There are 2 protein chains.
Amino acid sequence: MSTSKLKISKREKILTEAAKLFREKGFGGSSMRDLAEKVGIEAASMYNHIRSKDEILEEICFSVGRKYDEQLTEIEKQPNSFSEKIESLIAFHVKMIIENGDAVSVLNNDWKFLNSKKLIEFKAMRNEYEKHLASLITAGIEDGSFKPVNVSVALFTILSSLRWVELWYKPSRGVTKEDLAKDISAILMNGIKA
Amino acid sequence: MSTSKLKISKREKILTEAAKLFREKGFGGSSMRDLAEKVGIEAASMYNHIRSKDEILEEICFSVGRKYDEQLTEIEKQPNSFSEKIESLIAFHVKMIIENGDAVSVLNNDWKFLNSKKLIEFKAMRNEYEKHLASLITAGIEDGSFKPVNVSVALFTILSSLRWVELWYKPSRGVTKEDLAKDISAILMNGIKA
DNA sequence: CAGTCTAACTAACGTTTGTTAGTTTCAAAA
DNA sequence: TTTTGAAACTAACAAACGTTAGTTAGACTG
């Protein structure tokens, strides 16, 4: 009973601390002994809860990745305009970063250290995500909601603009996630030129 | 004569190959033996040309960083509108990435592995750059060229949008750097909403 | 020709790496 | 009370790490 619950929570503690550590020092720059110290046990003891260092990375990347996938699917099926759908997605990205900044950072920066089998899987997942978002943009252009922009450029401009939130955002600045999402949406949707 | 020239070019070969390798595997994931193999000599032999692995990272980060600084200073003093200045900067970022993609990638992703002294220096350089660009945006808002957007958000949206070029751009797509800069400018300046 | 210098080499160093083996501790189940 | 099983520990492994030492080959300089 409580043992299995304890095991789960210790494993989750390892994953949480790993995300924090990987964000700070990178996957390659983080040692299992570093990580163990943060968790509060010996390095060898962690192997009672995880299979390998690689498994930690996989778990972080794919569990976050799946959340993005699910939300995009959710947004796609809502009866909103294409503008509203993209704005929802922007808000979700901001929310994810503010609530799971460490894990999102690992997804963004350390995915390339996945082993080759998982790397292929990860790239497929990412491609799928981009294709879905691209089709939203294309549809918005076709129905006149959007200007006839270059779809690839728009796609990556949006996704990259969202990445900075993880890289640059500091809670200390006192901006709420609603304001932040609104301001980013404003610029991407309407540009900065008067 | 030819010996000192040879030394310089071998050092530059090391730096070039290092940028390529770091981009692919990250600073922590790249070993000196890996690098030496790409250069075509033994790992120990590289120490005739460079002081340490850290020095390679420093040289790449700061030589690229200085180029960005210089160009921004150049753009600031030109007698153009604020829109034109920002568009020039966008074009320059695209050009840098297309011409020095490996080194730019190292600047973007591996700066955090600089040793603490150089890390402080690097952050100061980056802050300076951001402050200059922010003041361009502020001035543009004040003279009515730009909407009254949140300056920080605009700043980071622009800089992040430019980062994707390094991460996602593939020459194989056959887009010229002029077209690419124009399309990015179009979205950031005018948004995507019709 | 003798001397010097550069840039390569091989060998090795001390550390750190991820991981395994074997053992101990201690609480829950029987 | 005895048994069991999870989860911690210590100790150690082989490999890889950045780097240093010492040496050699060959090209310039005097």
Side-chain angles (χ1 to χ4, degrees), chain A residues 1-22 24-61 106 110 112-119, chain B residues 1-22 24-61 106 110 112-119:
Chain A
M1 300 287 149
S2 80
T3 58
S4 89
K5 264 198 181 168
L6 203 73
K7 174 161 183 178
I8 289 174
S9 81
K10 182 56 70 74
R11 182 184 163 92
E12 247 144 42
K13 167 98 173 158
I14 292 172
L15 294 172
T16 304
E17 292 296 331
K20 211 185 296 183
L21 191 64
F22 292 174
E24 206 181 318
K25 305 197 176 190
F27 178 73
S30 305
S31 78
M32 295 299 275
R33 286 170 179 83
D34 272 358
L35 176 55
E37 197 182 3
K38 307 277 184 186
V39 176
I41 57 179
E42 290 298 314
S45 305
M46 290 195 296
Y47 288 82
N48 287 316
H49 307 280
I50 52 111
R51 241 181 276 278
S52 65
K53 193 187 181 191
D54 281 348
E55 195 205 26
I56 297 177
L57 181 63
E58 288 166 19
E59 180 98 3
I60 295 172
C61 287
V106 174
D110 292 330
K112 55 181 146 180
F113 304 117
L114 289 165
N115 68 50
S116 52
K117 187 182 143 86
K118 290 289 176 177
L119 187 59
Chain B
M1 300 291 141
S2 79
T3 58
S4 89
K5 264 197 181 171
L6 203 70
K7 173 159 186 182
I8 289 174
S9 79
K10 180 58 69 75
R11 181 182 164 93
E12 247 144 42
K13 167 99 174 158
I14 292 172
L15 294 172
T16 304
E17 292 296 331
K20 213 185 295 182
L21 191 65
F22 292 174
E24 206 180 317
K25 306 198 175 188
F27 178 72
S30 305
S31 77
M32 295 298 275
R33 288 171 177 83
D34 271 358
L35 177 55
E37 198 182 4
K38 306 278 184 185
V39 176
I41 58 179
E42 289 299 314
S45 305
M46 289 195 297
Y47 287 81
N48 287 316
H49 306 280
I50 51 111
R51 239 179 278 277
S52 66
K53 194 188 180 191
D54 280 347
E55 195 205 26
I56 296 176
L57 181 62
E58 289 166 19
E59 178 98 4
I60 295 172
C61 287
V106 173
D110 293 329
K112 55 181 144 180
F113 304 117
L114 289 166
N115 68 51
S116 52
K117 188 183 141 86
K118 288 290 176 178
L119 186 58

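Keep in mind that what you see is a predicted model, and the values were worked out from it rather than measured. In the text below, chain A, chain B and the rest are named by the order of the sequence lines, each starting its count at 1.
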- Note on the structure: Smallest heavy-atom separation, A:Y47 atom then A:S52 atom, equals CE2-CA, 4.1 Å

- Item | side chain to side chain contact (heavy atoms under 4.5 Å, CB included) partners for A:A36, two or more places apart | A:A43, A:M46

- Closest non-hydrogen atom pair, A:V106 against A:F22: CG2-CB, 3.7 Å

Show me the donor-acceptor pairs within less than 3.5 Å that the side chains of residues 54-61 of chain B make with the rest of the protein, sequence neighbours left out.
unit_1 : atom_1 : unit_2 : atom_2 : d
B:E55  : OE1    : B:R51  : N      : 2.7
B:E58  : OE2    : B:N115 : ND2    : 3.0
B:E59  : OE1    : B:R11  : NH2    : 3.0

- Query: Quick one: the side chain of A:N48 and the base of D:dA6, do they pair up donor-acceptor inside 3.5 Å?
  - Reply: no

- Item | Qualifying residues under side chain to side chain contact (heavy atoms under 4.5 Å, CB included), relative to A:K38, sequence neighbours excluded | A:E17, A:L21

- Item | Atom-to-atom span, CG of A:L57 to C1' of C:dG18 - whole angstrom | 14 Å

- Does the side chain of B:K10 get closer than 4.0 angstrom to OP1 or OP2 of C:dA8 through an N or O atom? yes

- Query: Rounded to whole angstroms, how far apart are CD on A:E42 and C1' on C:dT25?
  - Reply: 15 Å

- Message: Students often get this wrong, so: under 4.0 angstrom with heavy atoms, is A:S45 touching a base, only sugar-phosphate, or nothing?
- Response: base

- Message: Under 6.0 Å from the ring centre and within 45 degrees of the ring axis: does the NZ or CZ of B:K53 meet both conditions for the six-membered ring of B:F113?
- Response: no

- Task: Round to the nearest Å and state the distance from A:M46 atom CE to D:dT10 atom P.
- Result: 14 Å

- Message: Filter on salt bridge (charged side-chain N to carboxylate O under 4.0 Å, His left out), then keep only pairs touching residues 25-36 of chain A, sequence neighbours left out; what's left?
- Response: A:K25-A:D34

- side-chain N/O A:S31 vs C:dT16 OP1/OP2, d < 4.0 Å: no

- Query: Does the side chain of B:M32 reach to within under 4.5 Å of the side chain of B:I50, using non-hydrogen atoms?
  - Reply: yes

Expected rows: protein N/O vs nucleotides 19-23 of chain C N/O, under 3.5 Å:
unit_1 : atom_1 : unit_2 : atom_2 : d
C:dT19 : OP2    : A:Y47  : OH     : 2.6
C:dT19 : OP2    : A:K53  : N      : 2.8
C:dT19 : O5'    : A:Y47  : OH     : 3.3
C:dT19 : O4     : A:R33  : NH2    : 3.4

- Spacing of B:E37 atom CD relative to D:dA16 atom C1', expressed in whole Å: 14 Å

- Query: Side-chain contact, heavy-atom cut-off 4.5 Å: A:N48 with A:K10?
  - Reply: no

- Using whole Å, report how far CZ of A:R11 lies from C1' of D:dA8. 18 Å

- Terminal helix-axis angle for the helix from C:dC1-D:dG30 to C:dA30-D:dT1, with five pairs defining each axis and rounding to 10 degrees: 0°

- Let me know the distance between NZ of B:K13 and P of C:dA7, rounded to the nearest Å. 16 Å

- Task: Establish, with yes or no, whether the OP1 or OP2 oxygen of C:dT6 is under 4.0 angstrom from a side-chain nitrogen or oxygen of B:H49.
- Result: no

